[in-house]
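Okay, structure first, notes after.
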Amino acid sequence: MVVSLYARSPFTLSRHYLRAYTTARSGHTVDALVYSQYGKPSEVLKWHSYPLPALTPDTVHVKFVASPINPADVNQVQGAYPLKPPFQQLAETDDTKYAVGGNEGVAQVIATGDNVKGLKVGDQVIMAQAGYGTWRTVLIMPLGDYVIQNGANSAVGQSVIQIAKAWGLKTINVVRDRPDIDSLRQELERLGATHVITDNALGSHETKTMIKGWGQPKLGLNCVGGKSATEMARHLSANGEYITYGAMAKAPLALPASLLIFKNLAFRGFWMSRWTDTHSVEERTTMINDLIALMESGDFVEPKCVKVDWNEQAVKSAVEQGIQGYGLGKQVIQF
Ligand SMILES: NC(=O)c1ccc[n+]([C@@H]2O[C@H](COP(=O)([O-])OP(=O)(O)OC[C@H]3O[C@@H](n4cnc5c(N)ncnc54)[C@H](OP(=O)(O)O)[C@@H]3O)[C@@H](O)[C@H]2O)c1
């Protein structure tokens, strides 16, 4: 969760404010202390008002009650703090990119999207991580942690998309670029992918800003290795976990020291065979039963498959195709 519940009893909200939030367009103006470049706070900080974006099914609107001005916040405005804020467009009508000052704060939920569970209007919340820009009156916050994965169109990747969705997690899905990228994007979105991006775009400044705006993922799943896997690791939030389970690019995973020193990322591996060896039959049965329950509820469909006939020639050419990439789906022999 991006926000966590604050233990004390909530303040009372004005009835006028609550009524205003029942419309699709909030119609409210946010006042914020922003900066569009690093520098001396008294010179770069400015008061800025912009329209509050409309509520979506997966977001909440929170109204700040109190936000501290910490030394770290000042260092951040100066550009001297290791955690850089996202510079984003705040309104459709103004293409200047701003960062909003402040990282901590106590806020009150004033509207919740239809898909939001566990939070209600009136709850008090605190920021679960830095970077949201708390020197403003109202903030729209995405709910649900993100997972980022590459090889997202693989059989494993398609499963991750669906399981994550069923567990209330959002996914950023990295695939290799190709001529029919739009149709692949649509296929993955139909499965429940939140965002689909290409490996070529992973290292761009725009992608970095975009992901910061969505909410940096806490978990990365690496099916591929090589350069794009290094780029993917850079998008994880501090203290995130990066799990390598495949090496399809057959290239080593190079890791900048900064990801370990400053972001404290944990890099680990996963191997199903080891998991099977280290878990009991009961635990394995529970896992399989969980998947069957998802299938029965229609939340999990089998990965895209291509039928392979049971004869020597067909199976040999399927094996050859299986290592070439850009396949049409999991090849399955039909006996
Ligand atoms: N650790 C474990 O326990 C475990 C368990 C299962 C699977 N795996 C591993 O997970 C990976 C995916 O398995 P799967 O059964 O889901 O495979 P799959 O359905 O056959 O998909 C293969 C994936 O690899 C990508 N790919 C192929 N060649 C590539 C290359 N040169 N560079 C980058 N990407 C490439 C494909 O993307 P394109 O469409 O762009 O080619 C596709 O996304 C494999 O490496 C497999 O060994 C590991």
Side-chain angles (χ1 to χ4, degrees), residues 147-166 171-203 207 219-235 241-255 266-280 283-284 286-288 290-291 294-295 300-308 314-334:
V147 176
I148 190 167
Q149 63 162 345
N150 56 22
N153 60 327
S154 67
V156 174
Q158 293 174 55
S159 307
V160 167
I161 289 171
Q162 299 179 80
I163 294 169
K165 183 165 185 230
T171 51
I172 301 171
N173 298 280
V174 184
V175 293
R176 291 199 287 181
D177 207 354
R178 62 198 72 218
D180 59 344
I181 184 69
D182 286 338
S183 74
L184 176 58
R185 178 175 280 118
Q186 282 160 16
E187 268 175 37
L188 298 182
E189 284 172 355
R190 267 198 298 276
L191 288 179
T194 319
H195 303 287
V196 178
I197 56 179
T198 65
D199 56 352
N200 294 339
L202 259 186
T207 301
L219 176 66
L221 299 175
N222 172 28
C223 161
V224 173
K227 186 170 178 293
S228 82
T230 305
E231 291 301 337
M232 189 169 84
R234 294 183 202 276
H235 294 295
E241 208 159 330
Y242 193 86
I243 310 292
T244 292
Y245 68 89
M248 292 304 295
K250 300 188 185 72
L253 173 63
L255 296 173
F267 291 89
R268 306 185 58 191
F270 174 81
W271 190 28
M272 193 66 213
S273 304
R274 187 174 54 237
W275 190 91
T276 307
D277 286 346
T278 53
H279 288 74
S280 64
E283 286 169 314
R284 284 149 59 186
T286 302
M287 187 266 284
I288 299 282
D290 278 353
L291 291 176
L294 285 180
M295 288 174 183
F300 188 100
V301 295
E302 66 190 19
K304 208 174 155 195
C305 292
V306 177
K307 179 184 168 213
V308 176
V315 175
K316 273 179 155 176
S317 68
V319 169
E320 191 57 34
Q321 169 61 39
I323 51 168
Q324 283 169 7
Y326 298 110
L328 297 173
K330 176 62 69 190
Q331 303 189 97
V332 181
I333 299 168
Q334 301 270 307

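Read the numbers this way: they start at 1 and go in the same order the structure lists the ligands and their atoms. Numbers here simply count residues along the sequence, with the first being 1.
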**Study point:** Which residue and heavy atom of the protein sit nearest atom 40 (O) of ligand 1, plus the separation
**Key:** Arg178 NH2, 2.7 Å
Practice item. Please test Tyr242 against Leu253 for side chain to side chain contact (heavy atoms under 4.5 Å, CB included), starting from the C-alpha separation and ending with a verdict. Key: CA-CA 11 Å; Tyr242 193 86; Leu253 173 63; 3.9 Å; yes
**Study point:** Under 3.5 Å: donor-acceptor pair, side chain of Glu283, backbone of Ser280
**Key:** yes
Check your understanding: Does ligand 1 have an atom under 4.0 Å from some heavy atom of Gly157?
Key -> no
**Study point:** Test item, Lys250 contacting ligand 1 (heavy atom, 4.0 angstrom)
**Key:** no
Check your understanding: Taking the minimum heavy-atom distance to atom 1 (N) of ligand 1, which of Tyr326, Phe270, Trp275 ranks first?
Key -> Phe270
Exercise for review: Could you go through the side chain to side chain donor-acceptor pair (under 3.5 Å) check for Ser228 and Glu231 one step at a time?
Suggested key: CA-CA 5 Å; Ser228 82; Glu231 291 301 337; over 6 Å; no
Review point. How far is atom 44 (C) of ligand 1 from its nearest protein heavy atom, and which residue and atom is that?
Key: Met248 SD, 3.4 Å
Point to revise | All salt bridge (Lys or Arg N to Asp or Glu O under 4.0 Å) counterparts of Asp182, not counting sequence neighbours | key: Arg185
Check your understanding: Just checking, Arg178 and Tyr326: is the charged tip under 6.0 Å from the six-membered ring centre and within 45° of the axis?
Key -> no
Check your understanding: Should you measure from each heavy atom of Gly325, which atoms of ligand 1 turn up under 4.0 Å away?
Key -> 27 (C), 41 (O)
**Study point:** Over 12 foreign heavy atoms within 6.0 Å of CZ, Arg268
**Key:** no
Check your understanding: Which protein heavy atom lies closest to atom 5 (C) of ligand 1, and at what distance to 0.1 Å?
Key -> Met272 CB, 4.4 Å
Exercise for review: Without swapping roles, check the side chain of Gln149 against the backbone of Gly157 for a donor-acceptor pair under 3.5 Å.
Suggested key: yes
Study note, to complete from the structure: ligand 1 atoms nearer than 4.0 angstrom to some heavy atom of Val224 are 33 (C), 34 (N)
Practice item. Output, in order, the C-alpha distance, side-chain angles, deciding distance and verdict of side chain to side chain contact (heavy atoms under 4.5 Å, CB included) for Val196 and Asn153. Key: CA-CA 10 Å; Val196 178; Asn153 60 327; over 6 Å; no
Check your understanding: Considering only protein heavy atoms, which is closest to atom 48 (C) of ligand 1, and at what distance to one decimal place?
Key -> Tyr245 O, 3.0 Å
Exercise for review: Indicate whether the side chain of Asn222 and that of Asn150 have a donor and an acceptor atom separated by less than 3.5 Å.
Suggested key: yes
Review point. Which protein non-hydrogen atom lies closest to atom 6 (C) of ligand 1, naming both residue and atom, and how far is it?
Key: Val156 CG2, 4.0 Å
Review point. Of all the atoms in ligand 1, which lie at a distance below 4.0 Å from a heavy atom belonging to Ala155?
Key: 16 (O), 18 (P), 19 (O)
Review point. Does the pair Asp199 and Met232 meet the rule for a side chain to side chain contact (heavy atoms under 4.5 Å, CB included), with working shown?
Key: CA-CA 9 Å; Asp199 56 352; Met232 189 169 84; over 6 Å; no
Practice item. Under 4.0 Å from a heavy atom of Gly151: give me the atoms of ligand 1 that qualify, with their elements. Key: 43 (O)
Review point. With atoms numbered from 1 as shown, which atoms in ligand 1 lie under 4.0 angstrom from a non-hydrogen atom of Lys330?
Key: 14 (P), 15 (O), 17 (O), 18 (P), 19 (O), 20 (O)
Check your understanding: Numbering the atoms of ligand 1 from 1, which are under 4.0 Å from a heavy atom of Cys223?
Key -> 11 (C), 12 (C)
Review point. Should you measure from each heavy atom of Gly246, which atoms of ligand 1 turn up under 4.0 Å away?
Key: 45 (O)
**Study point:** Non-hydrogen protein atom less than 4.0 angstrom from atom 46 (C) of ligand 1
**Key:** no
Exercise for review: Check the pair Thr198, Asn200 against side chain to side chain donor-acceptor pair (under 3.5 Å), reporting the backbone distance first and the verdict last.
Suggested key: CA-CA 5 Å; Thr198 65; Asn200 294 339; 4.9 Å; no
Study note, to complete from the structure: closest protein heavy atom to atom 23 (C) of ligand 1 is Ser154 CB, 3.5 Å
Practice item. Using a cut-off of 6.0 Å, state whether more than 12 heavy atoms not belonging to Glu302 lie near its atom CD. Key: no
Review point. In the protein, what heavy atom is nearest to atom 39 (O) of ligand 1, and what distance, to one decimal place, separates them?
Key: Asn153 ND2, 2.8 Å
**Study point:** Minimum-distance protein heavy atom relative to atom 34 (N) of ligand 1
**Key:** Arg176 NE, 3.6 Å
